[in-house]
Every structure is written in structure tokens, then in C-alpha cells.
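First listed ligand is number 1; within each ligand, the first listed atom is number 1.
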Amino acid sequence: MSQKIAVLPGDGIGIEIVAEAARVLNHLKNDGLDIEMIEAPVGGAGYDAAGKPLPDETLALVKESDAILLGAVGGPQYEALPRELRPERGLLGLRSELGLFANLRPAILYPQLADASSLKPDVVAGLDIMIVRELTGGIYFGEPRGIREKANGEREGFNTLVYSESEVDRIARVAFDIAMKRGKRLCSVDKANVLEVSELWREVVIKAGSDYPQVELSHMYVDNAAMQLVKWPKQFDVMVTKNMFGDILSDAAAMLTGSIGMLPSASLDANSKGMYEPIHGSAPDIAGKGVANPLATILSVAMMLRYSLDYATLADKIEHAVGSVLDKGLRTPDIMAEGCREVGTVEMGEAVLGELSA
Ligand code: NAD
């Protein structure tokens, strides 16, 4: 039976880049990919169509789908809306309704783009790290939280960092499974020298690791991990960490590559159903101009094929096609360099399709 993919372009450049990614998916049907794609509005487009950022029909569709391809949401025309109607609420709603607790953020730097990084090319060329961030627990969700008044009248803010064993175990297993599909090295990042939560985190990760004897497990304190990411990032294969540490480290790792238009991401539930999207936003400054880089979204499709749909060979094929297009010197304006040929969104998409047919 064919697998169902919900296609949610969203707003701004989301529409242009998702169109190219959908063409890639359609093209791969020639290689045996058995899928059905259904499009629905979300974010500002959801508000325009149905008066809320996550329309009921869109929610019903994503619930019955095997995977979701998302563009991006947001735009200046929606900024004056009440908070609960803003486009970003659509995204948060998708994450919580679908129980997407594992956020996968690869930081990959194609050797052809090494000059785009603010670090020296030899430090980052060929970089390929996967950061697995716990997405639905930890200090961002822990209770109690708030701002209260002390007896002396001074106010204090407080949040709660809490992780149960089962929450740690399930994210650790996602990370071990991914490490098995890659270089078989996993670094768990914590702050076990200071935090009890991290002590338990480390204990549970080690225990889960006994089911993955082929994976080499290491541990690093988060402050050292931040330093090592900038010093010699290529030492890492897969990293796993809690929500807040992952939020910070994955942005730092992404920026090592210097090219926001190149980075995909995935958010998975307990059954590997996932939502796949570029890490960038809806880029209102370039929306409608046909110049957005579609490669992050096309690479998100590769992640979807690898992690949700079980077509690893086709995922490899897409990633290889993207590499070949870059080898040929094609660049959208965001990654343009001397001696290369500047192309727009559609031409870049067509070039990938051309490589897939080659
Ligand atoms: P942004 O990522 O949209 O843009 C930042 C800069 O990067 C801009 O100069 C933009 O032109 C450029 N850029 C982004 N993607 C690009 C691409 N594919 N090709 C070429 N250049 C690209 O971030 P922002 O400007 O801070 O936010 C714009 C809107 O997007 C806001 O409404 C914000 O809330 C929303 N947003 C949405 C998501 C999401 O949907 N996941 C994530 C971040 C921001």
C-alpha cells in the first residue's frame, strides 16, 4: 500500500521550495517510491484558509499520514494577530499533537561550500554531524514555572528541569538507532558534574547503550561540547542531548556550515513518523522572487526517505545528486561564490532532477 505524505508548504518561500521538493518526490516514483502526496495549508496560509494556523482538516490529514513535508511559516502580515492565531502556533500545534519528541538536526558541510563557513575550510570541509535533541521535555516544559514574589517583595523567576527515565531512554534509543545507520559513534552531552537530572540522564543512556554494543558511546559536559564544536567539529558523529542544550548546540553547529539554505531537519515520534523541514524560516525578504535555495527542503526529503519511509537507497541518491549539482558550480544567491553560475529556485530544482535521471 502506498505511504501517505502530507505536504504543507506554509508561507513565504515555503511555497517555492516545497514545490521543488515535491517534484523530487514525484520523480522518485520512477525508482519504485510508492507514495501519495496531499497538500494542505498551515501557518499564515492556514489562517487565511480556515481562520486558524492549524486548520482541523490539516490536523486530520497529518494524523493519518506516514510523514509530513513542511516548508516554513510566518510573515509580516500576520505579526499583528493575537498570539494564538499566529503562524508559529501552527508549528507548535503540529509538534505537540503528533508527539514529535526527537529533533534531528544534521550539520553537513558539502566540501564545495567550505568557504561559506566562518571557520577555516580545513576545520569544517566535509563536516557531517547529527544532533539529536529531546524536543518535548526538560526545562522548557517542566512544572512548576513562573515569576513569584518573595517575602521581602523581590520577584524571582523559576523553571523546573525534569526528565523521567522513560523520556531519556526513548531519546537515547533514537540516537543509538541513528548512530547504527551512520558512523556508530554517539556522544551524550550533559552536565552531570552539577545537575542531578544529568546524573540520571547519563545512567539511563549507558543502560540503553548495552543494547547497542556496536556503538561507541562517550559523554561530554555541555560547556566542553560547545568548545569542541567550534574547535574540531569533525570529531563528532552523532550527539544526543536534552531540549535546552540541544537548542543551543544545534544552532551553533548549523552555523558552522554558514549556509542556512542547505540544512534539513526532522522531528520524529515514537514510531518514526516524522515531520521534515528546512531549518530556515519563510524568508519574507526574498519570497516570490524565485531566488530561494530549495536544497535544504530537498535534503529534508532525503531524511524523510531514510528515517520514516525506509528508502535509504533513494535518500543516498538525493544527497548524491545535490553534491553533483554543487560540483557543477550551480549556486543560488545565498551560496554564490566566484567562478560559479547563479541560478534560481526552479533551475536548482531542475538541476537536481537532472542528476537523479543521470
Ligand atoms: P529566515 O530563516 O526566514 O531568514 C533569515 C535570512 O536567511 C533571510 O535573509 C533570508 O532571506 C535567508 N534565507 C532563509 N532561507 C533561505 C533560503 N532557502 N534561501 C536563501 N536565503 C534564505 O528567518 P527570519 O527572517 O528570522 O524569519 C522570517 C519569518 O520566518 C518569521 O515570520 C519567522 O517567525 C519565521 N520562521 C519560521 C520558521 C519555521 O517555519 N520553522 C523558522 C524560523 C523563522
**Request:** Check whether V24 and V18 end up in the same hydrophobic cluster, where Ile, Leu, Val, Met, Phe, Trp and Tyr are linked by side-chain heavy atoms less than 4.5 Å apart.
**Result:**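 Same hydrophobic cluster.
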**Asked** If you group Ile, Leu, Val, Met, Phe, Trp and Tyr by side-chain heavy-atom gaps below 4.5 Å, do W232 and V222 land in one group?
**Response**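 Per the 4.5 Å side-chain linkage, W232 and V222 are co-clustered.
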**V238 and R185, any side-chain heavy atoms less than 4.5 Å apart** =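 The answer is no; the side chains never approach within 4.5 Å.
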**Request:** Specify whether Y212 and F176 have parallel, tilted or perpendicular ring planes, treating 30° as the upper limit for parallel and 60° as the lower limit for perpendicular.
**Result:**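 The arrangement is parallel - the two ring planes meet at less than 30°.
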**Crowding at NZ, K181 (>12 non-hydrogen neighbours, <6.0 Å)** =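 Atom NZ in K181 is packed in, count exceeds 12.
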**Item:** Residue shell around ligand 1, heavy atom under 4.0 angstrom
**Value:**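 Within 4.0 Å of ligand 1, protein side: I13, A72, V73, G74, G75, E88, L91, I260, G261, E277, H280, G281, S282, A283, P284, D285, I286, A292, N293, D334.
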**Asked** If you look only at pairs with a residue in residues 271-292, which of them pass as a side chain to side chain donor-acceptor pair (under 3.5 Å), with sequence neighbours excluded?
**Response**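 Every side chain to side chain donor-acceptor pair (under 3.5 Å) pair that includes a residue of residues 271-292, provided the two are not neighbours, is Y276-S308.
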